[in-house]
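Here the structure is laid out as structure tokens; the discussion comes afterwards.
All residue numbers refer to positions in the sequence shown, counting from 1.
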Amino acid sequence: MSPYSIILNSPALLCPLVGIIGLMIGSFLNVVIYRLPIMMQRGWKQECQEFLKLPASEPAAETFNLALPHSHCPACNTEIMWYQNIPVLSYLLLQGKCANCQTRISLRYPFVEALTGILSIVVAYQLGGEIETLFALLLTWTLIALSGIDFDHQLLPDNIVLPMLWLGLFLSLFNIFTDPVSSIIGAVAGYLFLWVIYQLFKLLTGKEGMGYGDFKLLALFGAWLGWQYLPLIILLSSLVGAIIGTSLIIFVQRDKNIPIPFGPYLAIAGWIALLWGEQINTLYLTNAGLL
């Protein structure tokens, strides 16, 4: 048996390996969560100026993407060395401060890294060394990035959501997670369900209760898991939203008038359905006497 097969068939080897990879991916996700919205805003501004034939309002900025400039302290602008950027460990060794100016480093950075590592281990433990694990990890990492961006900016970028939606449809051709018919119906039904809710809410209240990104995110889950999981995801997201939203208001004193993005709740519900949806559906149908 090859070393590759040994690792895939041994949870004791697979889970730690995936966990370490998850920590490193989490470090990159921090960059995506912070930089991608800025990149998009700059791109929109440039497109508007070109469309309206307006002169640039400011000189061309330095290169700014997911790779450049290199990570640096926002306070003193000192570049962060590689050994100061080891996921979680560097934060602990530096006691949560910049090595140069001692400015506090946001707890979000090690939190996202640790969360990504832990969720990656859960995926590997639950699904094992199957091909589904690779794609489940990719979806998990994507959902973490989307949740962080939506929480900060109330934005679910199309350049992340739509490729993942198409990937879900493509995977269904090989019956990975679901079949093609269920995937196509799931994508359509997922989008239309929230779109209808949005339109009814706007008609009754004159307000927008959610964004179009939420429609696309539910369509993504429909494409990946099939239409059969949409009711579970909708119920779970409502439950998660009620619990987290109430907790933020009570314990964090969040202003009730500040909109709370729905994307993270959908992401949590979809991730739960990805790993345990079949068991939850079976348990519900059994208790309801339908199985």
Kindly indicate, with the supporting measurements, whether the criterion side-chain contact (heavy atoms from CB on, under 4.5 Å) is fulfilled by Ile160 and Thr142. CA-CA 8 Å; Ile160 296 180; Thr142 299; 3.4 Å; yes
With the side chain counted from C-beta on, respond yes when Leu266 and Leu194 share a heavy-atom pair under 4.5 Å apart, and no when they do not. yes
Verify, without hydrogens or angle tests, whether Gln84 (side chain) and Met81 (backbone) share a donor-acceptor contact under 3.5 angstrom. yes
If I compare all heavy atoms of Gly26 with all of Val112, which pair ends up nearest, and what's the gap? O-CG1, 3.7 Å
Please round to the nearest 0.5 Å and tell me the distance separating atom CG of Asp179 and atom OG of Ser172. 7.5 Å
Looking at every non-hydrogen atom in both residues, tell me the closest pair between Cys76 and Asn100 and how far apart they are. SG-ND2, 3.4 Å
Would Leu139 end up clustered with Leu173 when hydrophobic side chains under 4.5 Å apart are linked, directly or stepwise? yes
Could you check whether atom OH of Tyr109 has more than 12 heavy atoms from other residues, nucleotides or ligands sitting under 6.0 Å from it? no
Only pairs at least two apart or in different chains count here, so list each side chain to side chain donor-acceptor pair (under 3.5 Å) that has a residue in residues 258-280. Gln126-Trp276, Thr140-Trp271
Given the rule that I, L, V, M, F, W and Y join up when any side-chain heavy atoms are under 4.5 Å apart, are Ile131 and Leu138 in one cluster? yes
Test applied, side chain to side chain contact (heavy atoms under 4.5 Å, CB included); reference residue, Ile268; option that passes from Leu143, Leu236, Ile244: Ile244
Is there a path from Leu217 to Trp166 through hydrophobic residues (I, L, V, M, F, W, Y) whose side chains come within less than 4.5 Å of each other? yes
Pro87 and Pro110, any side-chain heavy atoms less than 4.5 Å apart: no
Do Phe201 and Tyr198 have their ring centres less than 6.0 Å from each other? no
How close do Gly277 and Leu232 get, heavy atom to heavy atom, and via which atoms? CA-CD2, 3.7 Å
Is the backbone of Leu155 close enough, under 3.5 Å, to the side chain of Asp150 for a donor and an acceptor to pair up by distance? yes
dist Phe135:CZ -> Thr133:OG1 (nearest 0.5 Å) comes out at 10.5 Å
Does Glu113 reach the side chain of Tyr91, with side-chain heavy atoms less than 4.5 Å apart? no
ILVMFWY cluster, Tyr212 and Leu165 together (side-chain gap under 4.5 Å): yes
Between the main-chain N or O of His70 and the side-chain N or O of His72, is there a donor-acceptor pair closer than 3.5 Å? yes
How about Ile21 and Ser120: do any of their side-chain heavy atoms sit closer than 4.5 Å? no
Heavy-atom side-chain proximity of Leu167 to Leu220 below 4.5 angstrom: no
Give a yes or no on this: more than 12 heavy atoms of other residues, nucleotides or ligands lie within 6.0 Å of atom CH2 of Trp141. yes
Show, in sequence, the C-alpha distance, side-chain angles and deciding distance for Arg108 and Ile33, and conclude whether the side-chain contact (heavy atoms from CB on, under 4.5 Å) test is met. CA-CA 11 Å; Arg108 165 182 286 195; Ile33 292 170; 3.8 Å; yes
Heavy-atom pair with the smallest gap, counting every atom of Asp158 and Pro163: O-CD, 3.3 Å
Counting C-beta onward and ignoring hydrogens, is there a side-chain heavy-atom pair between Leu66 and Met39 closer than 4.5 Å? yes
d(Met210 CE, Leu218 CG) to nearest 0.5 Å is 9.5 Å
Say you draw a straight line from OG1 of Thr63 to CG of Leu68; how long is it, rounded to the nearest 0.5 Å? 6.5 Å
Dump the intermediate steps for side-chain contact (heavy atoms from CB on, under 4.5 Å) on Ser90 and Tyr83, then the final yes or no. CA-CA 7 Å; Ser90 290; Tyr83 52 83; 6.0 Å; no
Is it the case that one hydrophobic cluster holds both Leu134 and Ile121, taking links as side-chain heavy atoms less than 4.5 Å apart, direct or via other members? no
Using only atom types and a distance under 3.5 Å, with no angle test, would you say the side chain of Ser27 pairs donor to acceptor with the backbone of Met24? no
Determine, stepwise, if the pair Ser182 / Gln228 fulfils side-chain hydrogen bond (donor to acceptor under 3.5 Å, both in side chains). CA-CA 8 Å; Ser182 296; Gln228 298 89 339; 3.1 Å; yes
When the ring planes of Phe170 and Phe174 are compared, do they come out parallel, tilted or perpendicular, using 30° and 60° as the limits? perpendicular
So does Phe262 get a backbone contact from the side chain of Asp214, meaning a donor-acceptor N/O pair under 3.5 Å? no
Examine distances only and state if a side-chain atom of Trp224 and a backbone atom of Gly270 form a donor-acceptor pair shorter than 3.5 Å. no
Which heavy atom in Ala145 sits nearest to a heavy atom in Leu29, and how many Å separate them? CB-CD2, 4.0 Å
Beyond-backbone contact of Leu146 with Pro157, side-chain heavy atoms, under 4.5 angstrom: yes
Closest approach of Ser183 and Thr178, non-hydrogen atoms and distance? CB-CG2, 3.8 Å
To the nearest 0.5 Å, how far apart are CE in Met164 and CG in Leu171? 8.5 Å
Value for CG (Leu89) from CG (Leu23), rounded to nearest 0.5 Å, stands at 10.0 Å
Within-4.5 Å side-chain heavy-atom neighbours: Arg35 and Pro69: yes
Evaluate Val18 against Val123 for side-chain contact (heavy atoms from CB on, under 4.5 Å), listing each step before the verdict. CA-CA 9 Å; Val18 170; Val123 169; over 6 Å; no
